[in-house]
Protein chains: 4
Amino acid sequence: MARPPLDEDRNAVARAERRRQILDAAKHVFAEGGYHGASIGAIIDRAAIARGTFYLYFESKEAVFGALLDRAMTDLRARIVHVETDAGAPPPEVQLLDGIARVLEYIVADRPLAAVLLGSTSTPDAEAAARLQSFYDEIRAVIARSLAKGEALGILRVTNPERTAAALLGLVRGIVEYCISHAAEVEGRIGEVTRELVDVALRGVLRR
Amino acid sequence: MARPPLDEDRNAVARAERRRQILDAAKHVFAEGGYHGASIGAIIDRAAIARGTFYLYFESKEAVFGALLDRAMTDLRARIVHVETDAGAPPPEVQLLDGIARVLEYIVADRPLAAVLLGSTSTPDAEAAARLQSFYDEIRAVIARSLAKGEALGILRVTNPERTAAALLGLVRGIVEYCISHAAEVEGRIGEVTRELVDVALRGVLRR
Amino acid sequence: MARPPLDEDRNAVARAERRRQILDAAKHVFAEGGYHGASIGAIIDRAAIARGTFYLYFESKEAVFGALLDRAMTDLRARIVHVETDAGAPPPEVQLLDGIARVLEYIVADRPLAAVLLGSTSTPDAEAAARLQSFYDEIRAVIARSLAKGEALGILRVTNPERTAAALLGLVRGIVEYCISHAAEVEGRIGEVTRELVDVALRGVLRR
Amino acid sequence: MARPPLDEDRNAVARAERRRQILDAAKHVFAEGGYHGASIGAIIDRAAIARGTFYLYFESKEAVFGALLDRAMTDLRARIVHVETDAGAPPPEVQLLDGIARVLEYIVADRPLAAVLLGSTSTPDAEAAARLQSFYDEIRAVIARSLAKGEALGILRVTNPERTAAALLGLVRGIVEYCISHAAEVEGRIGEVTRELVDVALRGVLRR
DNA sequence: AATGAATGAGGGTTCATTCAT
DNA sequence: CATGAATGAACCCTCATTCAT
């Protein structure tokens, strides 16, 4: 059923490639200075394209920003772990460690992306802000559900899942910020850092 | 020893009052949109003053922003608790609860301020960004020192104080964000929320 | 006929003194930066008076500038020499030397004033510009008349008096500029410089 | 070897043309009002371009002013005559007459330019002021060297070359000012005016 | 008479967006 | 499709002038 590659295909591929190139440039530019601090000029310089070309791929500044967030959120979502408690599944704690390590690795490997995700609280693009907001809400909900499940199974203490989830999400963000600003020290020791952080989350800092 | 109020006094008072009025307007404007998104025009509109008047009180946009951060940091610093472990002092856990509750109360009561403090990671004003950065560093250091002390006293588990401090600071920020976006539900229950959060930090979510 | 000094007198004296003080400050400020480059702020700083006080003495920025020019022009006019050719008068050349030396001394002694007089070609104050223009016209006319008289007496060559006057006025301005920018070297040797310049004007640079 | 005009060529030509158009507009605007009195608004109005367009061609107000001065100085420099005293060269006096006539013609033909050159002694743009200053210094130096050479050859009287050069430069400026403000009368008689002025410079006004 | 806080028009500059080539 | 010159609204800031005290 193979059909010869059409011009259209090649065009589509080239187009997608170009789009990615612009998105990457935009990521770096948004990373320093945030939404308002970024300028189309800086983006096209980095992407080495003409001013007009930018607008062939994105409707506006808001649009690139939105697309950037969407891409990052999609990538991250794919890495978020849903702990399985079925018989035969690995022990929950192991799953958690693996899952969080994967998220941390992804985000720490892409500092500009992390900067965008952590620093984009203030966007004039109401829609993008809402999307980011709802992304975090989503993560929080995942955590809250896991907490509730663990509670039901008698593994976890009884807490207010919503608030505890907020606290734990903040905890992860705190670690991400730390990893990003101490990249050198953390390099290659994400596993260890993850274990520490999961330990704090699970057992707290108090000595038993 | 009462002396009649002098013109100078009244002037100084009026000046300070005016300054506060501008700072408050600026706080709201910076809160939505961040540094770059804020405009002097928006600030003076909110403060109901003329363009030039603004510059009688602040040298520049950077200057208001800096002053805003400074005020907030001073207020917050005054509320940050240094846990005392002297004999006769209240139990550390109580001190901690009180201290954190005081911080939360202050910041949750002032949503715009919280927005500025939480969202100004990326500011073009290098100096202000540095100041905010070092403010967080300072808090992190306070936490790290407390952790180390607790460790030495055998109260706390052995962890990497720096990283754990980063995690705990993030945890607090997570709660602050939650409180701000769920202000209604949290209203008047800061104490309870604080207890939960301290519980998570001290004992983790795992059931013993 | 002496009468006791009245308050009004003292006031009038004080007022005049104050006015002079402002004019002096303005002179320095206008000297660097010209009319547009000068600011009321700079003037009142230099005069150590309040903003409003300035407007008690001068209607506007244009007004100080005009008053400044007027004062300078009056002073200069008083020094401009009209060569006398009556019998019994000193030889014309001596009169010329003395007169020009007096003008040079006055103006070189007051660099800021010279800067204002030489550099104020562009003023938005049409009236002031016209006044300065007509001041130079006046001087040119004095020179032209002297040339014509000298011609008639057979002392001077036959030239177009108007144009030659323009050239000689320029020549003097050239020397003034030189003296001002080489103040140190010229210090106390104005007489010598004057002689040179008069020599050039009278005899040219060509060797006989 | 003719090749079809490329887009690039046309672009470059169009760009240069546009630049010239802005420079000309700027010349007129700077001519009245000087550096400070000129506004970008006035320049773009005169050039009939949009605000932003201006900044595509010049970095700043300072930059246009500098470019304007540079262009004028280059043009003028090309017209400044260096009197040759080699055997076979035309008599020095003839060379001088020709050279000065060329300079006068150029500058009298462009009143706004003359206004800028004569009136920009006090510019806040330190660099532009310095450039203009050093331009005049350069001319003065040329004159001074010529005077020294003439002295050495026994053609000219012994004078202080520096000061005499300053006087002669002023003399020329005086004539330029005269020509500009009496354009009608001088029209087409630059040669005659030049002869007069050279006569005054060489022989003075005194009858032999 | 003297003050200085307040005003707002206007200055220089940037930048998201459009459109003819 | 790609380009980059052109646009003009909007930004931050200055400064001559006014006026209540």
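Within every chain, numbering begins at 1; the chains are lettered A, B, ... in the order of the sequence lines, protein sequences first and strands thereafter.
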inquiry  = Looking at A:Ala38, is its backbone amide N or carbonyl O close enough to the side chain of A:Lys61 to form a donor-acceptor pair, meaning the two atoms are under 3.5 Å apart?
reply    =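 Checking the backbone N and O of A:Ala38 against the side chain of A:Lys61, a donor-acceptor pair under 3.5 Å is found.
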Expressed as a whole number of angstroms, how long is the span from [X]:[atom1] to [N]:[atom2]?
X       : N      : atom1 : atom2 : result
C:Ile49 : E:dT3  : CD1   : C1'   : 11 Å
A:Leu56 : F:dG4  : CG    : C1'   : 12 Å
B:Phe58 : E:dA5  : CZ    : P     : 14 Å
A:Asp45 : F:dG4  : CG    : P     : 11 Å
C:Phe30 : F:dC15 : CZ    : P     : 13 Å
D:Arg18 : F:dA5  : CZ    : P     : 11 Å
C:Ile44 : F:dT18 : CD1   : P     : 15 Å

**Message:** Could you check whether A:Arg46 pairs with A:Asp24 (Lys NZ or Arg NE/NH1/NH2 to Asp/Glu carboxylate O, under 4.0 Å)?
**Reply:**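 Salt bridge flag = no for A:Asp24 with A:Arg46.
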Check: [Y] and [X] side chains under 4.5 Å, non-hydrogen atoms:
X        : Y       : answer
A:Asp45  : A:Val29 : no
B:Ile43  : B:Ile49 : no
A:Phe58  : A:Leu23 : yes
D:Leu113 : D:Arg71 : no

Comparing D:Gly52 with C:Arg15, nearest DNA chain E nucleotide closer to 5' gives the residue C:Arg15
Across all chains, not counting sequence neighbours, the side chain to side chain contact (heavy atoms under 4.5 Å, CB included) partners of D:Asp70 are D:Met73, D:Arg131
Closest to the 5' end of DNA chain F, once C:Gly37 and D:Tyr57 are matched to their nearest nucleotides, is D:Tyr57
CD of A:Glu32 to CZ of A:Arg111, rounded to nearest 0.5 Å, is 11.0 Å
Nearest 0.5 Å, please: how far is CD1 in D:Ile22 from OH in D:Tyr55?
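Those atoms lie 11.0 Å apart.
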Between protein and nucleotides 11-13 of chain F, what N or O pairs are separated by less than 3.5 Å?
| unit_1 | atom_1 | unit_2 | atom_2 | d |
| --- | --- | --- | --- | --- |
| F:dC12 | OP1 | B:Ala38 | O | 3.2 |
| F:dC12 | OP1 | B:Lys61 | NZ | 3.0 |
| F:dC12 | OP2 | B:Ile40 | N | 2.9 |
| F:dC13 | OP2 | B:Tyr55 | OH | 2.9 |
| F:dC13 | OP2 | B:Lys61 | N | 2.9 |
| F:dC13 | O5' | B:Tyr55 | OH | 3.4 |
| F:dC13 | N4 | B:Arg51 | NE | 2.3 |

Review point. Taking both distances under 3.5 Å as the test for a Watson-Crick or G-U pair, what stems of at least three pairs does DNA chain F have?
Key: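 For DNA chain F the paired stretches long enough to count as stems (3 pairs minimum) are E:2-21 with F:2-21.
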Counting only side-chain N and O atoms of B:Thr53, is one of them less than 4.0 Å from OP1 or OP2 of E:dA5? no
